[in-house]
Amino acid sequence: MGKRSLIAVLLLTLLLSIAAGAIPAGRADAASVSIVNGTDWKDTAGNPILANSGNILKVGSTYYWYGEHATGGTFDAVNVYSSSDLKNWTFRSSVLTKTSAAELNTSKIERPKVIYNAATGKYVLWMHYENGSDYSLARVAVATSSTPDGAFTYQGSFRPLNYESRDMTVFADTDGSAYLITASRKNGGANDTMAIFKLNADYTGVSSFVGWIYENGYREAPAVVKKNNTYYLFTSQASGWYPNQGGYSTASAMNGTWSAISPFGDPAAYSSQIENIMTVTGSAVTSYIYMADRWNPLNLSDHKFIWLPLTLNDASNSATLNWYSSWDIDAGTGAVTLPSQVNHALGKTATASSIASGSSAANGNDGNAQVSWAAASNSWPAWWQVDFGAPKTITEVDISWFMYKGSEGYYKYKIEISNDGVNYAVIDRTTNTAYGFTTDAVHFTARYVRINMVSAVLFNNPGNWYTPTLHEVRLLGPATAEAAGYSTFEAGALAGYLIRHNNYVGRVDSGVSPAADSQFRVVPGLANASSVSLESMNYPGYFFRRNASNQIVLQQYDGTDAFKQDATFNIVSGLGDSTKISFESYSQPGYYVRHYNYVLRLDALSALNTTISKNDATFKRTNFS
């Protein structure tokens, strides 16, 4: 090679290296985005994402999300959405509809999965197929397309090698082979045993029966992922639309031997049923996402998507799934960022109204959702409590409830909060209808939290025979409490008169009893951390806010933006005395808290035009703890 040629090659190599370092592959359109669980997800046009029980396929730098939509319990369409960041999804098309073939016109299509066949250049869609009225056919159906988002051509439905097939998935291996894993029938019961089949070369049919797994285990909702040389098979129990304990097995080959089932998550899989494990291969790391459906058995149209980061451990061939209401992922790098919240309940002193033999109150906050605290009898109500030992700020309450497969029940409960262990504020959740797992957005600072189990409502047995039981309580919040102590506020021109709440109305009074009615935690503003909010000491989670009449009232935090803004105030130099303070409304700038006939309200600055009115809007703060 000549000198000039060598220099040219070196320069080209250098330029390519610089370019590769400056713009990592796949990063052009990706950035860290937040995945928020339990909410209504919408596409980029603002419409609900209609893609139940599907999977995600990456083509180039674009992710395609396939899923099914039903109307009135029968098939409407398999839809596909696209995204570059896994957060913002654009509707592309309905790749299969009820008009695509005659037998789809009145049918059930469930758990659609798309895999790509590199040899044929085809995208192959597999589905569970039934007639429109029951589950007697137990078939699969297949459709193909040359593009990921074009119309798929329906190939028909059939029983694989004449075996029954219901909940199913397909998996394309790294060597080009592909498999059908499905709930089937071996010993006489529908879905009693799962079957594995190998697909033919073009992935449109079944070539051979590989073997049975989970004999008489009644498992469904299979999902397969491969990490290095280990295959992970995730499934749920069969309990209709009700959540249950998910489990997984591992093997070094698709034909086994598969390990015994190990549980993941909590006993309700965080009130979800697995649909797919997505592999995100980024420029820095490969991450795995647990994709699931959250069904409401009381209203199947009330469906939510649940996505959680899944940890697959190479050394132990184990899988770990934890709950996060929100978390971040960068589709370009593959990096997952978890929230910084601390579980303040973990390992703290727990007590209960009674304790069953062989149980322990500590089981309710030991970090292990596979064990539980149970009351000594099935007498209701019952309570479980944790003592943090010092005030902690809590912004989320997660509870894993007991469920008995076949007699699923939901708990009606109250979250009771106290600073002294004697007087409790109450967050009433007796309207709850969620099975197995609940998560409540809250905001309070306190030392004690008590879960009061009022009753349980059983699906198939109106007579509640449950024994009050908790698997795990997680109380999440920032590492440092927003305020460890409290402050009091004396009226600027009325010595001995303190801001207080009386029957939830803000006032100034002397001789306040109990004293805690005039004690407030001064915490960072709910709407603006540079401002403040005032939280009651004896009603943790209750804040002063302005109401529609501009009166200052004490109300329980409800999580809305309006509440946060109306409960936020700017501390400014005292209008009547610059050595003291005044409170300016955050949601109504120019309006200030003042007492008028001893009642607190907001008035515009223009109305505070006398020395007396300015003094009425001025307060002396003490106890700055």
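Start at 1 with the first residue, then count along the sequence.
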Would you call [X] and [Y] a side-chain contact if the rule is heavy atoms closer than 4.5 Å?
X      : Y      : value
Gln273 : Asp167 : yes
Arg139 : Phe158 : no
Leu199 : Val206 : yes

Assess the side chains of [X] and [Y]: does a donor N or O sit below 3.5 Å from an acceptor N or O?
X      : Y      : result
Ser184 : Thr182 : no
Asn88  : Ser83  : no
Asn79  : Ser94  : yes
Asn363 : Ser372 : no

* To do: Using modelled atom types only, decide if a donor and an acceptor are shared between the side chain of Asp76 and the backbone of His69 within a distance under 3.5 Å.
  => no
* Asked: Would a distance-only check, ignoring hydrogens and angles, find a side-chain to backbone donor-acceptor pair under 3.5 Å from Glu68 to Ala70?
  -> yes
Over 60° means perpendicular and under 30° means parallel, so classify the ring planes of [Y] and [X], tilted if in between.
X      : Y      : answer
Tyr411 : Trp380 : tilted
Tyr404 : Phe402 : tilted
Tyr270 : Phe437 : perpendicular
Phe91  : Tyr81  : perpendicular

Strictly below 4.0 Å, N to O, side chains only: are [X] and [Y] in salt-bridge contact?
X      : Y      : result
Arg166 : Glu164 : yes
Lys122 : Asp202 : no
Lys186 : Glu215 : yes

* Kindly say whether the aromatic ring centers of Phe459 and Tyr435 come within a distance under 6.0 Å. => no
* Might you work through the ring-ring contact (aromatic ring centres under 6.0 Å, His included) test for Tyr232 and Tyr288, ending with a clear yes or no? => CA-CA 12 Å; Tyr232 293 79; Tyr288 302 90; 8.0 Å; no
* Asked: Above 12 or not: heavy atoms from other molecules or residues under 6.0 Å from NZ of Lys198?
  -> no
* Chi angles and distances behind the side chain to side chain donor-acceptor pair (under 3.5 Å) call for Thr469, Thr467 -> CA-CA 6 Å; Thr469 304; Thr467 296; 5.7 Å; no
